[in-house]
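Worksheet for the structure shown next.
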Amino acid sequence: MTRICVAGGTGQVGREVVRRAVAGGHSVAALCRHPPPAGAPARVDGADYFPADVTTGEGLAPALAGADVVIDCLEGRSGKDRKNFADGGARLLAAAQDADVSRAVMLSIVNCDRSSFGYYASKAAKEHVFERSGPDTVVIRATQFHSLLAAMFGAGAKLRIIPTVKGARFQPIAPDDVAAALLEAALEPPAGMRHSVRTIGGPEIQDMEEFARQWKAVTGSRGRLVRLPLPGAMGKYLRAGLNLVPEERHAGETFSGWLAKNADSL
């Protein structure tokens with residue numbers, strides 16, 4: 001049985017890693033700022049939850065005690081979390097090394113190192129931290145999640161429009177499929193490589209408009225599809241197709257399948 005520490009164990013990917021690891025018979029420590037109470041949807045029975053903060057280092061030692069591997073699913077999307085994202089990764093890895101953790105796995109984004117968009121640049125900076133760390137490290141770069149598209153469509157629908165980005169295609173993937181890849185990387189036998197970077201993409205590549213039509217059909221939204229330009233670094237990233245990895249299509253859950261499964265919460 002492997003002891004697995006999941007940083008960000010209550011996030012959309014982290015909780016799926018925790019769920020899969022517990023179901024596989026492993027011992028799991030989930031660290032997060034505010035552990036959910038018993039019975040909460042984000043809490044998985046059978047896992048141990050530890051209050052910890054990578055921006056300060058508080059609580060990391062007890063969460064990592066006895067762990068064989070750590071999986072970093074932290075997001076750091078805004079504010080202090082994004083500003084300290086790479087430094088937080090360094091604190092997590094230093095604490096992991098002190099605890100004799102043998103491997104660290106990080107969730108990242110495809111081609112984040114080719115974008116100046118703030119969130120993606122913070123992911124790339126954290127990747128460099130992992131590359132230089134003591135334990136063996138694996139970075140799993142994933143395409144955008146199904147939930148990102150759904151959130152964009154849902155936000156626009158409140159204004160009776162369903163926004164799509166001109167010239168943008170997507171290859172969305174289910175968080176559970178990414179969780180499976182993270183856990184597989186954490187548990188595989190040593191391959192003699194101290195650091196590696198892998199990519200995983202969703203099963204289909206389509207124009208954003210097609211995904212919008214699927215979302216509209218499931219939700220019954222009366223919003224009008226509107227194609228809009230997206231300026232700045234994120235628009236440049238999407239128009240260049242840097243969010244796509246056609247050579248790494250994963251035979252997982254499609255956007256339509258994910259919509260059907262989550263229809264009640266859209």
Side-chain angles (χ1 to χ4, degrees), residues 8 10-16 41-42 73 75-79 81-82 107-112 115-120 122-123 141-181 199-246 248-266:
T10 57
Q12 64 174 330
V13 175
R15 63 176 175 262
E16 295 301 330
C73 300
E75 296 190 354
R77 288 189 173 274
S78 61
D81 289 343
R82 189 173 76 186
L107 170 61
S108 190
I109 302 169
V110 296
N111 291 317
C112 59
S115 174
S116 59
F117 182 61
Y119 176 51
Y120 287 19
S122 72
K123 285 281 191 180
R141 289 180 167 185
T143 53
Q144 285 68 32
F145 299 140
H146 295 316
S147 54
L148 173 65
L149 289 176
M152 293 171 67
F153 300 148
K158 294 177 182 178
L159 302 175
R160 293 297 183 97
I161 65 169
I162 302 174
T164 63
V165 178
K166 288 183 178 179
R169 296 188 299 159
F170 279 85
Q171 187 181 355
I173 191 167
D176 186 46
D177 289 332
V178 177
T199 57
I200 179 172
E204 55 188 359
I205 298 174
Q206 298 187 71
D207 289 341
M208 192 175 181
E209 282 191 9
E210 176 55 34
F211 290 120
R213 292 188 186 96
Q214 294 176 31
W215 180 88
K216 184 175 181 179
V218 170
T219 61
S221 171
R222 301 178 66 179
R224 179 171 57 92
L225 267 65
V226 178
R227 300 186 72 185
L228 300 171
L230 181 63
M234 190 62 185
K236 183 177 180 180
Y237 173 87
L238 292 175
R239 287 190 298 274
L242 295 175
N243 60 321
L244 309 175
V245 283
E248 296 291 350
R249 295 185 193 224
H250 177 76
E253 189 171 47
T254 64
F255 185 63
S256 61
W258 181 86
L259 287 173
K261 189 170 73 175
N262 293 277
D264 292 341
S265 60
L266 294 174

How long is the straight-line distance from [atom2] of [Y] back to [atom1] of [X], given to the nearest 0.5 Å?
| X | Y | atom1 | atom2 | answer |
| --- | --- | --- | --- | --- |
| E204 | S256 | CD | OG | 6.0 Å |
| I109 | L107 | CD1 | CG | 7.5 Å |
| R160 | R224 | CZ | CZ | 12.0 Å |
| L244 | T199 | CG | OG1 | 12.0 Å |
| H146 | T254 | NE2 | OG1 | 6.5 Å |

Can you name the closest pair of heavy atoms from [X] and [Y] and give their distance?
| X | Y | value |
| --- | --- | --- |
| Q12 | E16 | O-CG, 3.4 Å |
| Q144 | N243 | OE1-CB, 3.2 Å |
| P172 | F211 | CD-CZ, 3.4 Å |
| V165 | M208 | N-SD, 3.2 Å |
| P163 | I161 | CD-O, 3.7 Å |
| P175 | W258 | CD-NE1, 4.3 Å |

Would you find a donor on one side and an acceptor on the other, under 3.5 Å apart, between the side chain of [X] and the backbone of [Y]?
| X | Y | value |
| --- | --- | --- |
| E248 | I200 | no |
| R15 | T10 | yes |
| T143 | G202 | yes |
| K216 | F153 | no |
| Q171 | V245 | yes |
| S122 | Y119 | yes |
| D177 | E253 | yes |
| R239 | L230 | yes |
| E75 | G8 | no |

Flag side-chain contact, heavy atom, 4.5 Å: [X] against [Y]:
| X | Y | answer |
| --- | --- | --- |
| S221 | I162 | yes |
| I173 | F145 | yes |
| L149 | W215 | no |

Around atom CZ of R169, are there more than 12 heavy atoms from other residues, nucleotides or ligands closer than 6.0 Å? no
Using a cut-off of 6.0 Å, state whether more than 12 heavy atoms not belonging to R227 lie near its atom CZ. yes
Kindly assign one of parallel, tilted or perpendicular to the pair Y120 and Y237, based on the angle between their ring planes and the thresholds 30° and 60°. perpendicular
